Amino acid sequence: MPSNDVRILLQAAVPTAAVGAVAAVVSGVVAGGKGAVGAVVGTLVVILFMGLGLYILQRTAKSLPHLFQAMGLMLYAAQILLLFVFVAAFKNTTLFNPRAFALTLVAGTLAWIAAQTRAHMKSKILYVEPEQSGKKPEKTGHSS
């Protein structure tokens with residue numbers, strides 16, 4: 001991954017992990033050990049899904065830039081649907097508190113989106129590849 005992509009990933013993952021840690025403490029106080037486990041599992045699911053989505057989106061941007069926007073919309077819709085599937089699959093589990101899990105999924109997802117948006121807005125990503133020094137620009141046949 002290029003350094004900009006890693007920087008954006010870290011700037012989104014770290015605040016999400018912090019929100020997950022707060023959720024784990026609150027869930028542990030409110031719902032006991034199973035609440036804390038549910039919050040930790042929810043945080044890990046969010047970081048895994050959203051991080052994988054960011055990786056896929058960055059690969060698409062480099063290989064198929066004309067599909068970038070459509071892929072982004074489809075990817076976020078798929079991520080939200082998969083998170084709903086996880087909530088539905090674990091709603092009756094006894095391994096952890098499902099309410100803490102679901103609330104942490106929502107809070108973590110919102111934290112990820114906000115942090116990723118902030119990271120993209122603060123990053124200075126070039127929209128055009130700069131010319132390499134020492135190379136003359138190619139003539140296009142148009143006169144100036």
Side-chain angles (χ1 to χ4, degrees), residues 1-138 140 142:
M1 266 183 142
S3 63
N4 278 340
D5 299 343
V6 173
R7 190 176 307 120
I8 289 172
L9 178 67
L10 286 175
Q11 288 177 346
V14 170
T16 303
V19 167
V22 170
V25 169
V26 170
S27 297
V29 169
V30 173
K34 288 191 177 196
V37 171
V40 168
V41 171
T43 302
L44 292 176
V45 167
V46 168
I47 291 173
L48 178 71
F49 274 28
M50 297 303 216
L52 186 62
L54 181 62
Y55 175 74
I56 291 169
L57 198 58
Q58 295 302 333
R59 297 261 324 209
T60 301
K62 287 178 184 35
S63 61
L64 303 165
H66 59 284
L67 294 177
F68 180 71
Q69 186 175 15
M71 183 67 167
L73 292 171
M74 185 193 74
L75 186 66
Y76 284 124
Q79 286 174 329
I80 298 299
L81 288 174
L82 282 172
L83 290 175
F84 281 129
V85 167
F86 262 77
V87 169
F90 291 109
K91 75 177 180 182
N92 294 322
T93 188
T94 58
L95 298 173
F96 51 78
N97 186 309
R99 180 169 283 167
F101 173 73
L103 291 174
T104 304
L105 277 177
V106 171
T109 301
L110 292 174
W112 181 282
I113 291 170
Q116 185 178 355
T117 301
R118 182 180 184 278
H120 275 291
M121 291 179 74
K122 291 199 138 293
S123 68
K124 295 187 176 22
I125 299 173
L126 298 173
Y127 292 98
V128 177
E129 293 292 326
E131 290 182 18
Q132 302 221 353
S133 61
K135 286 180 87 177
K136 291 184 180 179
E138 295 181 20
T140 61
H142 299 285

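Remember, predicted model here, so these are calculated numbers, not experimental data.
- A tilted orientation is assigned to the rings of F86 and F101, their planes being inclined by 30° to 60°.
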Side-chain donor-acceptor contacts of residues 9-36 below 3.5 Å, not counting sequence neighbours, with atom names and distances?
from	atom 1	to	atom 2	distance (Å)
T16	OG1	A12	O	2.7
T16	OG1	W112	N	3.4
S27	OG	A23	O	2.8
K34	NZ	T94	O	2.6

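- With respect to L105, the side-chain contact (heavy atoms from CB on, under 4.5 Å) criterion is satisfied by exactly one of T43, L110, L83: L83.
- Under the rule for a side-chain contact (heavy atoms from CB on, under 4.5 Å), the partners of V37 that lie at least two apart in sequence or sit in another chain are V41, F96.
- To the nearest 0.5 Å, the span separating NE2 on H66 from OG1 on T60 amounts to 10.0 Å.
- Remark: R99 engages no residue in a side-chain hydrogen bond (donor to acceptor under 3.5 Å, both in side chains) (not counting sequence neighbours).
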Side-chain polar contacts of residues 68-81 - donor-acceptor pairs under 3.5 angstrom, sequence neighbours left out - could you list them?
from	atom 1	to	atom 2	distance (Å)
Y76	OH	Q116	OE1	3.3
Y76	OH	Q116	NE2	3.2
Q79	NE2	F49	O	3.0

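- Note: L57 CG to K62 NZ = 9.5 Å, rounded to the nearest 0.5 Å.
- Of all heavy-atom pairs between G42 and T104, the closest is C-CG2, 4.2 Å.
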